[in-house]
Protein chains: 2
Amino acid sequence: MVGVNEKTAARTRVADAVYERLREMIFTGELSPGARLSVPALAESLDVSRSPVRDAVLRLVQERLASEEPRRGAIVASVGLAELVSIYEIREVLEGLAARLAVENAGRKLVRALKEALDEHEAATRTADLAASTEADLRFHRLIREAAGNPEVIRLLDDVQTQVRLAMRTTTVTAGPRQAIDDHRAILTAIESGDAVAAEQAARAHIFRLRSVLLRQLEGGE
Amino acid sequence: MVGVNEKTAARTRVADAVYERLREMIFTGELSPGARLSVPALAESLDVSRSPVRDAVLRLVQERLASEEPRRGAIVASVGLAELVSIYEIREVLEGLAARLAVENAGRKLVRALKEALDEHEAATRTADLAASTEADLRFHRLIREAAGNPEVIRLLDDVQTQVRLAMRTTTVTAGPRQAIDDHRAILTAIESGDAVAAEQAARAHIFRLRSVLLRQLEGGE
DNA sequence: GTTCGACGGTTTACATGTAAGGTGGCCGTC
DNA sequence: GACGGCCACCTTACATGTAAACCGTCGAAC
């Protein structure tokens with residue numbers, strides 16, 4: 001034995017770090033939609049060589065956080081309202097699926113955790129703590145999809161959320177905090193009662209309402 | 001097979017060609033699940049440098065045709081029965097969504113094209129022409145999702161199909177040709193009558209039956 | 001006979017060189 | 001002053017160099 005094995009060592013890929021950094025820059029607005037992702041320029045500003053930057057940019061492109069045209073390089077993607085509506089159509093059926101599957105292998109623990117998230121969501125809303133409210137909201141959804149036991153659903157919903165976050169740089173979608181909590185309560189009730197079909201319906205209805213908000217924005221203002 | 005036909009002439013990217021070639025090698029079995037994707041070895045055998053091969057392999061990894069462990073390289077992915085079930089759960093709701101959306105902006109042309117595909121499917125089944133039957137089957141589904149008018153749905157269902165093709169190297173899933181045709185007819189009827197909800201239900205039921213076949217395989221003979 | 005550790009070969013991951021293509025600016029022309 | 005072609009710069013895409021990590025093997029010690 002050569003000594004203690006450091007688990008911290010495993011994660012040191014420069015390309016991964018660059019990828020994370022670029023994601024962060026996109027989500028914080030340091031890189032706006034449309035901004036050019038010049039590999040040499042980024043390499044210099046991040047003080048690494050071009051190779052890991054290239055890998056990271058390719059990864060962003062394939063996750064559609066950036067778009068590229070051959071020989072012209074990549075730019076930060078922008079997600080318009082119409083695309084966001086398309087994404088919410090997908091999110092609707094995927095969240096429905098997650099809720100249905102969650103019922104099928106749900107336990108007491110899930111219900112308890114969901115209740116807790118919902119309570120915190122409500123409390124944060126009462127005190128107008130936006131950050132905590134958002135966190136509890138996201139956690140509620142995350143708990144359900146992780147309980148679904150289908151790794152593909154988790155991955156796809158993570159993808160959806162990534163696109164939504166990007167779109168949020170220019171748009172917001174909320175049906176009002178009270179509506180969200182009521183919707184969540186309906187989902188929780190269905191899960192608690194073990195009614196998979198009702199849970200699917202409730203989850204779909206929740207996303208459907210959010211999508212309706214988007215559609216009104218699409219037709220009305222802007 | 002998303003959009004290979006860009007009309008711009010000078011799309012001679014070596015990395016793209018390598019990517020296509022590797023995909024082909026995976027689907028034809030030239031590269032079996034588990035096979036190592038050694039960048040230097042592939043570069044030599046394809047007679048290009050390591051860079052485009054590296055790009056292509058990264059792309060495969062990201063599309064989950066290959067899996068990688070850091071510092072250990074990539075191998076051709078294998079899709080087991082359990083994963084295939086997960087994929088079909090997703091396919092169920094996505095095909096349902098596509099059918100619903102297709103109704104919402106369907107025209108006469110769609111119905112006619114679907115009828116044609118269904119007729120050919122039936123004819124090919126009668127003459128036991130497996131290739132033509134499969135082609136007509138795929139075309140039926142493709143027509144619907146392209147009519148959905150939601151590019152994300154198309155992309156996700158293409159992804160699903162890629163995974164299914166990979167899984168098909170070791171598994172087959174069919175509910176029997178008659179069942180498939182009956183299912184398709186039910187979908188067509190619902191679309192023709194303009195009943196979006198019925199179309200969604202019919203499409204979901206179709207995939208649900210295929211998934212049931214998988215589940216029986218999963219429980220029964222290994 | 002089994003276990004352990006050193007060694008060679010192979011590969012990854014990062015760095016860097018370079019030809020060809022694209023862009024935008026600049027200048028001359030009308 | 002507007003327009004069009006030329007040129008210089010920058011970038012992409014491919015090629016290649018290289019340190020360090022990993023794998024399998026082999027041999028020695030117990």
Side-chain angles (χ1 to χ4, degrees), chain A residues 1-23 25-26 31-32 34-77, chain B residues 3-4 6-23 25-26 31-77:
Chain A
M1 317 324 180
V2 192
V4 183
N5 216 346
E6 306 288 351
K7 349 184 72 170
T8 52
R11 259 283 191 227
T12 36
R13 281 206 296 192
V14 176
D16 289 345
V18 171
Y19 167 76
E20 297 292 344
R21 178 78 185 102
L22 289 179
R23 264 182 83 102
M25 288 171 81
I26 290 172
L31 286 170
S32 319
R36 304 198 57 215
L37 293 169
S38 159
V39 170
L42 289 171
E44 178 164 20
S45 90
L46 298 176
D47 200 40
V48 296
S49 80
R50 286 153 16 214
S51 297
V53 175
R54 168 165 243 270
D55 289 354
V57 170
L58 285 178
R59 234 168 117 189
L60 291 173
V61 165
Q62 131 236 73
E63 299 189 25
R64 294 177 319 292
L65 280 175
S67 59
E68 69 154 4
E69 289 176 275
R71 287 267 165 210
R72 302 208 23 194
I75 60 175
V76 177
Chain B
V4 184
E6 296 281 319
K7 56 257 179 181
T8 30
R11 178 205 55 279
T12 38
R13 281 209 293 194
V14 178
D16 290 345
V18 171
Y19 168 76
E20 297 292 345
R21 178 79 185 101
L22 289 178
R23 264 182 82 103
M25 288 171 82
I26 290 171
L31 286 169
S32 319
R36 305 198 57 214
L37 292 170
S38 159
V39 169
L42 289 172
E44 177 163 20
S45 88
L46 297 176
D47 200 41
V48 296
S49 81
R50 283 151 20 211
S51 298
V53 175
R54 170 164 241 271
D55 289 353
V57 169
L58 284 179
R59 234 168 117 190
L60 290 173
V61 165
Q62 201 256 357
E63 301 189 25
R64 293 179 320 295
L65 281 175
S67 60
E68 70 153 4
E69 289 176 275
R71 289 265 167 210
R72 301 208 23 192
I75 61 175
V76 177

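All values below were derived from every heavy atom in this structure, side-chain atoms included, with hydrogens, water molecules and symmetry-related copies excluded. Here is how names work: the chains are called A, B, and so on, in the same order as the sequence lines, proteins then strands, and each is numbered from 1.
Across all strands shown, R71(B) has heavy atoms under 4.0 Å from base atoms, whether or not it also approaches the sugar-phosphate. Among the heavy atoms of the strands, none lies under 4.0 Å from L58(A).
DNA chain D is contacted by R50(A), R54(A) of residues 41-54 of chain A, taking any non-hydrogen atom closer than 4.0 Å.
When every heavy atom of P33(B) is checked against every heavy atom of A77(B), the shortest pair comes out as CB-O, 3.6 Å. A pairwise comparison of heavy atoms in S32(B) and V76(B) identifies O-CB, 3.4 Å as the closest pair.
The side-chain hydrogen bond (donor to acceptor under 3.5 Å, both in side chains) test with Y19(B) singles out one residue from R59(B), R13(B), E63(B), and that residue is E63(B).
Residues I26(B) and L60(B) meet the side-chain proximity criterion, which asks for heavy atoms closer than 4.5 Å.
The distance from atom CD1 of I75(B) to atom P of dC22(D) is 17 Å, rounded to the nearest whole Å. Going from atom CD of E69(B) over to atom C1' of dT11(C) covers 14 Å, rounded to whole Å. Atom pair D55(B):CG and dT12(D):C1' shows a separation of 11 Å (rounding to whole Å applied). To the nearest angstrom, C1' of dC23(D) lies 8 Å from CZ of R36(B).
The side chain of P40(A) lies closest to dT11(D), out of dC14(C), dT12(C), dT11(D). For S38(B), whose side chain is taken as the heavy atoms from C-beta onward, the closest listed nucleotide among dT12(D), dA13(C), dT11(C) is dT11(C).
L42(B) contributes atom CG, which lies 10.5 Å from atom CZ of R36(B) (distance to the nearest 0.5 angstrom). Here L65(A) contributes atom CG and M25(A) contributes atom CE; the two are 13.5 Å apart, rounded to the nearest 0.5 Å.
With DNA chain D read from its 5' end, the first of the two nearest nucleotides for E68(A) and R72(B) is the one closest to E68(A).
Note that the two end axes of the helix from dG1(C)-dC30(D) to dC30(C)-dG1(D) enclose an angle of 10°, each drawn from 5 base pairs, rounded to 10 degrees.
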Output side-chain donor-acceptor pairs under 3.5 Å for residues 50-58 of chain B, partner residues at least two apart or in another chain, one line each.
unit_1: R54(B); atom_1: NH1; unit_2: D55(A); atom_2: OD2; d: 2.6
unit_1: D55(B); atom_1: OD2; unit_2: R54(A); atom_2: NH1; d: 2.6

